[in-house]
Each structure stands twice: as C-alpha cells, then as structure tokens.
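Since the structure comes first, as structure tokens, the remarks are kept for the end.
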Amino acid sequence: MIASLLGLEREQQVSEYSQSVLHSFEKDILPRHFGINAVSRKELIKNHTSEIAQKLYNVENKLMIISDGTYCRHEKSTNNEYQRKSFSGQKKVPLCKPFTLCTTDGYIIGFEVLMPALKGKRSQLPTDESNESRFVTKLRWVVEAVHENAKLYFRIASFLHNKFGKRLNSDHDLTDEIVDMMKLRRCEKNTLFAEVEAKKWIRRKLPFRSLTSKDLLDFPEMTERDLKILFTGSYQLSQAVSYLA
C-alpha cells in the first residue's frame with residue numbers, strides 16, 4: 001500500500017530507502033553534528049544557556065546541564081529475557097527509559113556510557129557462571145541489535161530537534177521580575193505548610209464545594225502578567241489546571 005502511494009515498484013524498496021536514510025544519518029551526519037564531540041563547552045555556555053538561568057544562579061562561564069529520564073512504551077518483545085527486563089511493574093506495560101542531558105534552552109548534548117563487566121569481589125567468574133553466560137550471550141545478541149537501532153533513532157530525533165527545533169526561552173519581558181521574586185522568596189518559610197500540619201488538614205477528608213466570586217470577596221484580581229510572575233513563568237501557569245487533579 002505504502003509502496004504504491006509512493007510510486008515504487010515493490011514494497012521492499014520502502015524498507016531499503018528507510019535503511020539508506022538511517023545509514024546516512026549514522027555515518028555522515030551524527031558523528032559530525034551531534035554528540036559530545038560536535039559542540040564545544042564554550043559554545044554551549046555562550047549560545048545555549050538561557051538568560052533566566054544565568055540571572056537566577058548568578059553564573060558566568062559555567063555550563064549548566066539539565067538531566068532527566070522518560071518512558072518510551074513499545075510493543076512486546078519476542079525475546080523473553082528482554083521482555084521480562086523491559087516490563088514496568090509501575091506502568092504495567094513494556095517500555096525503555098531514555099536518559100537525556102540538555103542545556104537550559106533545550107539543546108540536547110548527548111553522551112556515551114562506558115561500563116566494565118562486574119564480578120563483585122571475585123577475581124573471575126566461576127566456570128558454571130561463565131558457561132551459562134556464553135549461552136545467554138549466544139541468544140541475546142538480538143536484543144543488543146534492537147538497542148542499537150533504538151539508540152540510533154533517539155540520536156537522529158535529538159539531532160533534528162537541535163537543528164530545526166526552536167530553543168526554549170520564554171518570558172523574556174518578565175525575566176528580571178521573576179528572578180527577583182524567586183530570589184526574594186528563596187529563604188521564606190512555608191507558613192501554609194506549617195498551618196496544614198498544625199491543624200491536621202492533610203488527614204481530614206472534605207468534599208469539594210463550588211465557589212463563586214461572591215464567596216471570595218477579598219480574592220485579589222490578577223492580570224495574566226501577574227499570574228505568570230506568581231507561577232514563575234508561562235509553562236508553570238499552563239500546568240496550573242493539572243495541580244487541581
């Protein structure tokens with residue numbers, strides 16, 4: 001179906017062209033334009049450190065990096081060993097967990113992990129464990145191949161994000177006001193938390209009650225600009241509805 005839509009003679013050509021594109025990214029583009037060797041520390045500091053990050057922490061000539069992991073769900077694997085390892089007891093689905101390092105404006109850095117084999121305190125593995133390991137190694141190469149493909153897709157997606165995605169700097173007109181407010185409140189005590197603890201509100205179950213503007217006569221009127229400053233930015237304000245849940 002896809003082959004006919006693209007005007008190709010046979011469906012296998014779709015796979016061949018896709019593999020050709022992936023091969024080109026892996027061999028010609030990613031080594032030069034993505035990863036730890038593609039950009040210098042100096043360039044990351046100069047061009048990929050957000051203004052609000054610099055002002056919030058009063059840093060100069062220092063590289064700030066944000067790291068986080070996420071979930072990528074995938075179909076069940078026919079490899080039983082990998083299926084067991086990839087199944088998440090928390091999410092109840094098979095998934096992998098890519099770990100991302102990026103600058104404060106969302107530029108993905110990329111990194112390599114080198115990890116030696118672990119024997120614990122033993123000088124070498126016992127014969128039976130070594131032999132069993134060889135059996136596993138003989139069968140598990142397929143999952144390693146799957147991992148390599150997955151890592152390539154993530155690297156390509158990260159490169160395309162860096163190349164064509166916009167940098168994530170927002171609220172330029174409010175930067176100074178947001179930074180000043182956050183610094184002012186940095187050491188401020190959470191009086192609400194103290195009151196909740198003292199009156200044991202967290203242990204009391206009360207139903208929600210509908211309120212109107214007539215019930216909250218002393219509630220302050222705030223503009224969208226005021227709310228952005230209160231929530232320390234547009235993104236945090238956009239997440240406000242989810243806090244209710």
Side-chain angles (χ1 to χ4, degrees), residues 1-8 10-39 44 48 65-118 129 132-168 235-236 238-239 241-243 245:
M1 180 65 179
I2 297 177
S4 61
L5 291 175
L6 297 176
L8 301 177
R10 50 194 175 83
E11 292 191 5
Q12 183 62 26
Q13 286 181 281
V14 177
S15 176
E16 291 172 356
Y17 285 139
S18 297
Q19 289 299 321
S20 178
V21 171
L22 291 175
H23 180 77
S24 178
F25 266 103
E26 185 176 20
K27 299 298 182 183
D28 304 323
I29 297 177
L30 294 179
R32 291 182 296 170
H33 301 287
F34 179 74
I36 56 177
N37 297 319
V39 60
L44 291 174
H48 296 290
I65 296 176
I66 304 169
S67 61
D68 193 19
T70 187
Y71 297 105
C72 284
R73 292 173 172 82
H74 55 72
E75 295 181 357
K76 290 183 177 180
S77 173
T78 55
N79 183 293
N80 292 330
E81 182 185 5
Y82 177 71
Q83 173 60 22
R84 288 194 298 270
K85 290 182 177 180
S86 65
F87 184 80
S88 170
Q90 179 186 15
K91 301 295 182 179
K92 306 302 181 185
V93 293
L95 50 80
C96 63
K97 299 179 180 180
F99 190 79
T100 302
L101 294 177
C102 68
T103 60
T104 53
D105 71 348
Y107 187 91
I108 300 171
I109 299 173
F111 64 102
E112 295 182 33
V113 176
L114 302 177
M115 184 174 179
L118 301 177
E129 291 186 31
E132 184 65 27
S133 178
R134 292 188 183 95
F135 277 57
V136 174
T137 302
K138 178 62 179 176
L139 298 177
R140 75 185 306 272
W141 69 268
V142 290
V143 74
E144 297 296 342
V146 170
H147 286 172
E148 287 300 320
N149 288 336
K151 285 190 287 185
L152 175 59
Y153 296 147
F154 280 118
R155 290 175 65 207
I156 291 175
S158 298
F159 162 74
L160 293 175
H161 166 79
N162 288 347
K163 187 68 176 179
F164 302 106
K166 67 176 182 179
R167 300 280 64 84
L168 304 176
Y235 175 78
Q236 288 79 1
S238 68
Q239 299 296 307
V241 176
S242 65
Y243 297 153

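If you read the sequence from its start, that first residue is 1, and numbering goes on from there.
The NE2 atom of His161 sits 5.5 Å away from the CG atom of Leu168 when rounded to the nearest 0.5 Å. Separation of atoms CD (Gln19) and CD (Glu26) is listed at 10.0 Å; rounding is to 0.5 Å. The line from NE2 of His74 to SG of Cys96 is 5.0 Å long, rounded to the nearest 0.5 Å. Within the model, atoms CG of Asn162 and CD1 of Ile109 stand 9.5 Å from one another, a figure rounded to the nearest 0.5 Å.
Tyr107 and His48 get closest at one heavy-atom pair: CD1-CE1, 3.3 Å. Among all heavy-atom pairs drawn from Gly106 and Arg167, the shortest one is O-NH2, 3.7 Å. Here the closest heavy-atom approach between residue Thr104 and residue Ile66 is recorded as CA-CD1, 3.9 Å.
Other residues, nucleotides and ligands contribute at most 12 non-hydrogen atoms within 6.0 Å of the OH atom of Tyr235. Residue Asp28 qualifies as enclosed at atom CG: its count of foreign heavy atoms under 6.0 Å is above 12.
Residues Glu75 and Pro94 are not in side-chain contact: their nearest non-hydrogen atoms beyond the backbone lie 4.5 Å or more apart. Looking at heavy atoms from C-beta onward, Leu44 lies in side-chain contact with Val39 at the 4.5 angstrom threshold. At a threshold of 4.5 Å between non-hydrogen side-chain atoms, the residues Leu22 and Tyr153 count as touching. Using a 4.5 Å cut-off on side-chain heavy atoms (C-beta onward), Ile65 and Thr103 make no contact.
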Full working for side chain to side chain contact (heavy atoms under 4.5 Å, CB included) between Ile29 and Phe34: CA-CA 8 Å; Ile29 297 177; Phe34 179 74; over 6 Å; no
Test log, rule side chain to side chain contact (heavy atoms under 4.5 Å, CB included), inputs Cys72 and Lys97: CA-CA 6 Å; Cys72 284; Lys97 299 179 180 180; over 6 Å; no
Side chain to side chain contact (heavy atoms under 4.5 Å, CB included) evaluation trace for Leu95 with Ser88: CA-CA 7 Å; Leu95 50 80; Ser88 170; 3.8 Å; yes
Worked check of side chain to side chain contact (heavy atoms under 4.5 Å, CB included) between Ile108 and Leu101: CA-CA 6 Å; Ile108 300 171; Leu101 294 177; over 6 Å; no
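Proximity of a side-chain donor or acceptor of Ser24 to a complementary backbone N or O of Val21 within less than 3.5 Å is not detected. Judged by distance alone, the side chain of Lys92 and the main-chain N or O of Gly89 form a donor-acceptor pair under 3.5 Å.
Contacts of Glu16 classified as side-chain contact (heavy atoms from CB on, under 4.5 Å), with partners at least two apart in sequence or in another chain: Arg10, Gln12, Gln13. For Ser20, there are no side-chain contact (heavy atoms from CB on, under 4.5 Å) partners, not counting sequence neighbours.
Using bins of under 30°, 30° to 60° and over 60° for the plane-to-plane angle, the ring pair Phe25/Phe159 lands in the perpendicular bin.
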